[in-house]
Amino acid sequence: MDKTFQPAAIETRWYQEWEASGYFAPQGGENAYSIMIPPPNVTGSLHMGHGFQEAIMDALIRYHRMLGDNTLWQVGTDHAGIATQMVVERQLEAQGINRHDLGREKFIEKVWQWKEESGGTITRQLRRLGSSLDWSRERFTMDAGLSAAVQEVFIRLYREGLIYRGQRLVNWDPALHTAISDLEVISEDEPGHLWHFNYPLAGAEGHVTVATTRPETMLGDAAVAVHPEDERFAHLIGRMVQLPLCDRLIPVIADEYVDREFGTGCVKITPAHDFNDYEVGRRHGLPMLNIFNDHAAISDKAPPAYRGLDRFKARERVIADMTALGLLDKVDEHRLNVPRGDRSGVVIEPYLTDQWYVDARKLAKPAIEAVENGAIQFVPRQWENTYFAWMRDIQDWCISRQLWWGHRIPAWYDAQGAIYVGDSEAAVREEHALGKDVVLRQDEDVLDTWFSSALWTFSTLGWPAETEELAVFHPSTVLVTGFDIIFFWVARMIMMTLHLRQEVPFHTVYVHGLVRDGEGQKMSKSKGNVIDPIDLIDGIGLEELIRKRTTGLMQPQLAAKIEKATRRQFPDGIAPYGTDALRFTYYSLASTGRDIKFDLGRIEGYRNFCNKIWNAARYVLMNCENEDCGTGPGSRVELSLADRWISGKVQETAAQVARAIDNYRFDLASQALYEFIWNEYCDWYLELSKPILWDADASLDAKRGTRQTLIRVLEIWLRLLHPLMPFITEEIWQVISPLAGKTGPTIMLQPYPQAGDGDIDTRAHQDIEWLKAVILGIRNIRGEMNIPPGKELSVLLRNGNQTDQLRLAENSQYLKKLAKLADIRWLSQDVEAPMAATALAGELEILVPMAGLIDKEAENARLKKEIGKLESDLIRLQGKLSNTAFIAKAPVEVVAKEQEKMQAQQQALQTLREQLQRIQEI
RNA sequence: AGGACUAUAGCUCAGCUGGUUAGAGCGCUACCUUGACAUGGUAGAGGUCCCCGGUUCGAGUCCGGGUAGUCCUACCA
């Protein structure tokens with residue numbers, strides 16, 4: 001074994017071995033445990049959020065696999081309609097063509113090509129993380145099977161009246177030329193203006209003044225609205241105004257929607273271009289005048305002067321023309337929320353079109369109940385509120401997209417516009433007995449990507465066929481996901497699955513936080529603060545990192561700033577930390593209900609932890625290889641105090657880890673393992689093994705006992721740790737497991753250690769705590785007195801009870817070795833103590849004689865510090881115990897405990913004071 | 001506007017159903033190349049638990065009200 005742990009040397013090798021051996025596939029077992037991976041974009045690449053999420057899922061999967069559950073981690077990718085189509089369109093753009101030049105069929109071919117080309121990236125990266133996904137069942141949302149499921153669902157829901165086609169105002173993306181759902185619109189506060197326009201009254205003097213943030217929409221105005229109880233305008237209701245620039249008359253109407261306080265109290269109503277106005281228009285039977293085309297340029301419905309103008313150009317023109325007419329009253333600065341497409345970034349236009357919708361309200365009801373009655377539980381709980389709030393006010397879901405890449409809608413239209421929904425054109429013709437003379441045209445649109453994602457938990461298992469996999473693995477056990485897709489995905493999965501299968505898609509939803517950078521900023525390409533998890537595993541040079549962060553920017557002018565920040569933050573690039581360290585970092589930060597800031601210091605610490613593990617194993621191997629480890633049958637062993645103690649400790653740790661993982665507290669699991677391995681096993685147990693292994697006088701039974709315990713406990717905690725750190729544990733386990741008498745091809749399929757109380761030796765625990773206290777006392781004196789570490793000391797103990805004396809007799813070997821002592825003896829009470837530095841372990845007094853060693857002033861100061869601490873503590877305790885209310889009302893155990901504490905403190909204080917006095921008398 | 005979450009050491013975070021001397025890692029200080037490990041060891045410094053009230057014998061922990069930050073949802077043209 002190398003002196004330092006080299007992750008790169010082992011990770012890929014082990015992953016290939018595991019995969020080739022089929023260990024990731026379900027291994028049978030009574031209890032099924034399944035997780036469906038949130039399918040990443042097939043042409044995407046891994047980011048920190050994936051890394052975090054996969055790490056959590058893999059820990060759960062490996063844990064349950066080792067528990068003997070029939071464990072399936074379903075893998076697959078998503079076709080990601082808009083995102084993928086955009087990438088390919090950009091590629092075409094670089095060649096100076098667009099998708100229409102190619103035509104639909106050729107274009108889709110191109111996209112498939114791109115999928116084949118780049119589709120391996122994300123799956124390769126998932127492998128690098130050690131994710132034990134069942135690759136033999138990999139699925140893609142546009143596979144034949146899944147596509148058939150999508151079509152089946154569409155047809156069923158259509159026939160049940162839960163999918164319908166309708167003309168509504170949708171969120172229109174003028175750059176992508178498609179409708180998008182409410183969820184794909186991001187509204188942000190932006191600076192803008194509020195223009196005040198005067199609309200002249202028809203057939204009379206005077207005017208009404210309306211305020212608008214979007215002057216160009218006035219070309220589509222259908223009315224001016226005032227509040228029905230607004231006295232200022234009551235006399236205008238029912239009258240007509242002259243719509244400037246358009247030569248039309250529009251009515252003044254009364255509607256409660258109007259806020260009297262805002263603007264002028266008069267609102268121009270543009271039913272075809274504003275969601276609120278649309279509702280007002282419907283209430284009042286106003287005409288819906290669509291003044292835009294698909295590109296959001298002015299259409300032929302508007303006056304000729306504006307036709308063909310882009311919406312922003314049209315805005316300038318309208319303002320100029322209104323100003324020229326003297327109808328611009330004033331312009332105010334105004335902040336407003338601007339809706340933008342989450343993909344394209346352009347301003348979204350409310351736009352009147354025919355689209356397909358899912359009647360979400362009906363589907364939502366059982367989905368709400370499933371969470372209310374606990375059939376599905378969110379972890380942490382508070383996300384249920386978010387879910388309820390959205391579900392109880394759910395809007396119909398617009399599922400058609402004017403794209404080419406996706407599941408085409410199985411609907412056909414005849415010349416009259418009648419709709420036929422079915423499996424294929426032939427099926428539709430047959431079903432409706434349509435003659436050859438009837439010309440059918442298939443709907444051009446495809447379905448929202450999330451439509452197929454919503455079926456993910458069961459479509460991947462072979463639905464609509466009732467497969468065995470469905471029977472065994474559905475509902476899945478837990479969904480691991482980020483809160484950002486609760487609405488997009490989680491809610492829709494629940495609705496669809498309940499409706500189509502009358503069962504929940506999963507029992508638990510574990511919602512994790514967002515991974516942010518060290519400053520708490522969201523990681524994004526445009527901010528240039530993205531860290532690629534693979535770069536943390538393999539390392540990356542500074543120049544390469546800068547290149548990655550500054551190429552392909554939407555705003556190239558940011559490159560210099562990004563470069564500067566990167567140079568400052570990573571002056572030496574990023575060191576290679578390995579997968580296990582990265583994963584452990586994720587776990588350590590994965591407490592519930594908060595985002596995580598990714599701190600490089602942390603991963604470095606866990607890289608060191610890997611090295612610690614590595615070297616602990618080296619030590620064990622060094623002492624056990626080719627030695628009698630007492631694993632043979634009938635082998636005689638004698639277990640030392642330390643052996644018995646560490647055997648109990650590892651059991652306690654097993655219990656803690658199991659409880660933590662069962663509660664999705666990976667931070668607590670990782671912490672328990674870290675503390676046990678480093679602070680107990682390495683710091684104490686390995687040190688305590690040395691006096692026995694290196695003692696020529698120690699019995700063979702004792703040596704066997706210690707070797708057996710060294711190897712046995714190591715083997716146990718490797719298994720405990722394996723779900724979190726798969727690679728290093730496998731590498732070491734392969735070498736040491738034979739010494740522990742274990743057989744098996746891989747640690748992956750070994751049983752997960754179960755805590756058993758039988759192994760916990762309370763007496764040994766107390767003895768070791770005593771031992772630690774004495775050693776710490778001596779080390780403290782050594783450290784504070786600046787006694788050279790190499791200097792062997794003679795130490796005296798006194799003032800303890802019989803147990804202390806017994807413990808001294810039993811443990812002097814340990815004490816000598818660990819505290820570097822020449823000698824340690826009991827000093828009887830009647831003998832005058834030499835001048836010495838003193839420490840306390842409970843009542844036991846530890847004396848380090850001063851002769852030639854101890855600086856009087858230093859000891860003076862040290863004692864005073866200790867006394868000061870005790871005194872302030874005592875004051876607090878005395879105050880508490882002299883409070884009659886406390887004595888009367890607190891539980892007796894608490895009072896007794898405090899009293900005991902006070903007595904101990906008083907005794908300690910007295911001892912130290914005496915000691916101080918003697919020091920000062922010298 | 002409504003809602004959620006967060007506030008604990010210089011930094012990143014634990015602290016479970018109220019009772020410890022409030023913890024860990026990183027960083028910092030001093031000493032140490034001792035035969036697993038300098039990606040190490042030993043010792044140490046460092047906290048008004050955001051503020052104000054309340055409940056309680058007792059509050060970092062529970063309740064109310066603030067302040068600051070993050071986010072979500074819905075939005076006034």
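Each chain gets a letter, A, B and so on, in the order its sequence line appears, and its residues count up from 1. Just so it is clear, the values below take in all heavy atoms, side chains as well, and ignore hydrogens, waters and symmetry mates.
Residue-level contact check: A:Ala888 touches neither bases nor backbone, having no heavy atom under 4.0 Å from any strand. Among the heavy atoms of the strands, none lies under 4.0 Å from A:Arg335. Heavy atoms of A:Asp873 sit under 4.0 angstrom from primed sugar atoms or phosphate atoms, though from no base atom.
With sequence neighbours left out, the side chain to side chain donor-acceptor pair (under 3.5 Å) criterion links A:Gln878 to no other residue. Legend: residues meeting side chain to side chain donor-acceptor pair (under 3.5 Å) with A:Asp182, ordered by chain and number and at least two apart, are A:Asn171.
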| request: Heavy atoms under 4.0 Å is the rule here; annotate nucleotides 36-42 of chain B 5' to 3' with B where the base is hit, S where only the sugar-phosphate is, and - elsewhere. | output: BBSBSSS
| note | Per-nucleotide protein contact along nucleotides 9-19 of chain B, 5' to 3', at a 4.0 Å heavy-atom cut-off (B base, S sugar-phosphate only, - neither), is ---BSSS---B
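Residue pairs meeting the salt bridge (charged side-chain N to carboxylate O under 4.0 Å, His left out) criterion with at least one partner in residues 605-625 of chain A, sequence neighbours excluded, are A:Glu604-A:Arg607.
Between A:Phe262 and A:Trp390, the residue anchored closer to the 5' end of RNA chain B is A:Trp390, taking for each the nucleotide with the nearest heavy atom.
Taking atom C1' in both B:G10 and B:C32, one finds a spacing of 26 Å when rounded to whole Å.
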| message | Only Watson-Crick and G-U wobble pairs with both distances less than 3.5 Å should count. Give RNA chain B in dot-bracket notation, marking inter-strand partners with |. | response | (((((((..((((.....[...)))).(((((.......))))).....(((((..]....))))))))))))....
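At the phosphate of B:A77, OP1 or OP2 sits under 4.0 Å from a side-chain N or O atom of A:His334. Phosphate contact (OP1/OP2 of B:G58, side-chain N/O of A:Asn883, threshold under 4.0 Å): absent. For A:Arg876 and B:U21, the shortest distance from a side-chain N or O to OP1 or OP2 is below 4.0 Å.
Atom P of nucleotide B:A74 and atom CZ of A:Arg392 are separated by 17 Å, given to the nearest angstrom.
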